[in-house]
Amino acid sequence: MQLADEDLKPILTRLRRAHGHLASVIRMLEEGAECEDALTQLAAVDKALRRSGYTMVATGLEHCLITEGPENVDKEKLERLFLSFA
């Protein structure tokens, strides 16, 4: 399934934010920053990635329910995708 542009935009924004935070973590570690500061940034990366994944799963579920109807949704597949972020 392909995501519509309006659904994709907030996901890409979160992923770009995570990319920026990850670059900061790498730079901080290379420059000898305090672990606490690097871990704070790393937590932001983790949160942004997880929220992106959850948004993708939720958007996919919504799309499947609307376009294919509840009876045609592959519940096991969606459950596996959702649990991969849990």
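Every value quoted in this text rests on a predicted model; they were computed, and no experiment measured them. Numbering starts at 1 and runs along the sequence shown.
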Is it possible for you to say whether Met28 and Ile26 belong to one hydrophobic cluster, with membership spreading through side-chain heavy-atom contacts below 4.5 Å?
no
Do any side-chain atoms of residues 3-16 form donor-acceptor pairs under 3.5 angstrom with protein atoms, and if so which ones, sequence neighbours left out?
unit_1	atom_1	unit_2	atom_2	d
Thr13	OG1	Lys9	O	3.0
Arg14	NH1	Thr55	OG1	3.2

If I take atom NE2 from residue His19 and atom OG from residue Ser24, how far apart are they, to the nearest 0.5 angstrom?
10.5 Å
Distance from Leu49 atom CG to His21 atom NE2, nearest 0.5 Å?
10.0 Å
How many angstroms lie between CG in Leu39 and CG in Leu29, if you round to the nearest 0.5 Å?
8.0 Å
